[in-house]
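Have a look at the structure below, then the notes.
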Amino acid sequence: MKCPDDETLDKMEAMLNIASDFTRLKIMYAIAESEKSVNEIVLEVGASQSLVSHQLKVLKDAKLVSSRKEGTKVFYMIADHHVNDLLAVVHDHVSE
């Protein structure tokens, strides 16, 4: 496997650093199967609304999570199948 260029490696490092946070991992697993509102994520993750909202913004800025608005509610979901693939590969690796 050929090593990517420095710019790509920088982007990979940033994405992996963002994804490596405990709370962010829990949030990504909470929405891995279906979209959820912030309140639903708060209940599932067991963290405060302010912490979950902050972490969702970080994940969204990194393009790991996307959102859609319905009235006054915002629903969050995994941005694309690559994020679920990443979670699965890391899980499989640490479970060996």
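Position 1 is the first residue of the sequence; numbering continues from there. Not measured: the values here are computed from a predicted model. We use all heavy atoms of the structure for the numbers below, so side chains are in, but hydrogens, waters and symmetry mates are not.
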Item to check | Residue pairs, two or more places apart or on separate chains, that pass salt bridge (Lys or Arg N to Asp or Glu O under 4.0 Å) and touch residues 61-85 | outcome: E35-R68, K57-D61, R68-E70
Item to check | hydrophobic_cluster_shared for I31 and V38, side chain cutoff 4.5 Å | outcome: yes
Next on the checklist: Go through it in stages, so that I can follow the logic: the residues are M77 and S34, the test is side chain to side chain contact (heavy atoms under 4.5 Å, CB included), and I'd like the CA-CA distance, side-chain angles, deciding distance and then a yes or no.
Outcome noted: CA-CA 6 Å; M77 68 284 303; S34 64; over 6 Å; no
Next on the checklist: With rounding to the nearest 0.5 angstrom, report the CG to CD distance, L25 to Q55.
Outcome noted: 10.5 Å
Checklist outcome for this item: Here the gap from K11 atom NZ to L16 atom CG, rounded to the nearest 0.5 Å, amounts to 14.0 Å
Item to check | Test item: side-chain donor near acceptor, D5 and T8, under 3.5 Å | outcome: yes
Checklist entry - Linking I/L/V/M/F/W/Y whenever any side-chain heavy atoms sit under 4.5 Å apart, do M12 and V83 land together? => result no
Checklist entry - Linking I/L/V/M/F/W/Y whenever their side-chain heavy atoms sit closer than 4.5 Å, directly or via other members, would V58 and L87 fall into one cluster? => result yes
Item to check | Pairwise distance CG(L59) to OG(S66) - rounded to 0.5 angstrom | outcome: 11.0 Å
Checklist entry - Any side-chain heavy-atom pair from M28 and Y76 closer than 4.5 angstrom? => result no
Item to check | Heavy-atom check, side chain of M15 versus side chain of L86, under 4.5 Å | outcome: yes
Item to check | Side chain proximity check, V52 to I27, heavy atoms < 4.5 angstrom | outcome: yes
Checklist entry - Has the side chain of E40 got a donor or acceptor atom that lies under 3.5 Å from a matching backbone atom of S37? => result yes
Item to check | Cluster check V74, V45: I/L/V/M/F/W/Y, side chain < 4.5 angstrom | outcome: yes
Checklist outcome for this item: So CD1 of I41 and CZ of F75: to nearest 0.5 Å the spacing works out to 10.0 Å
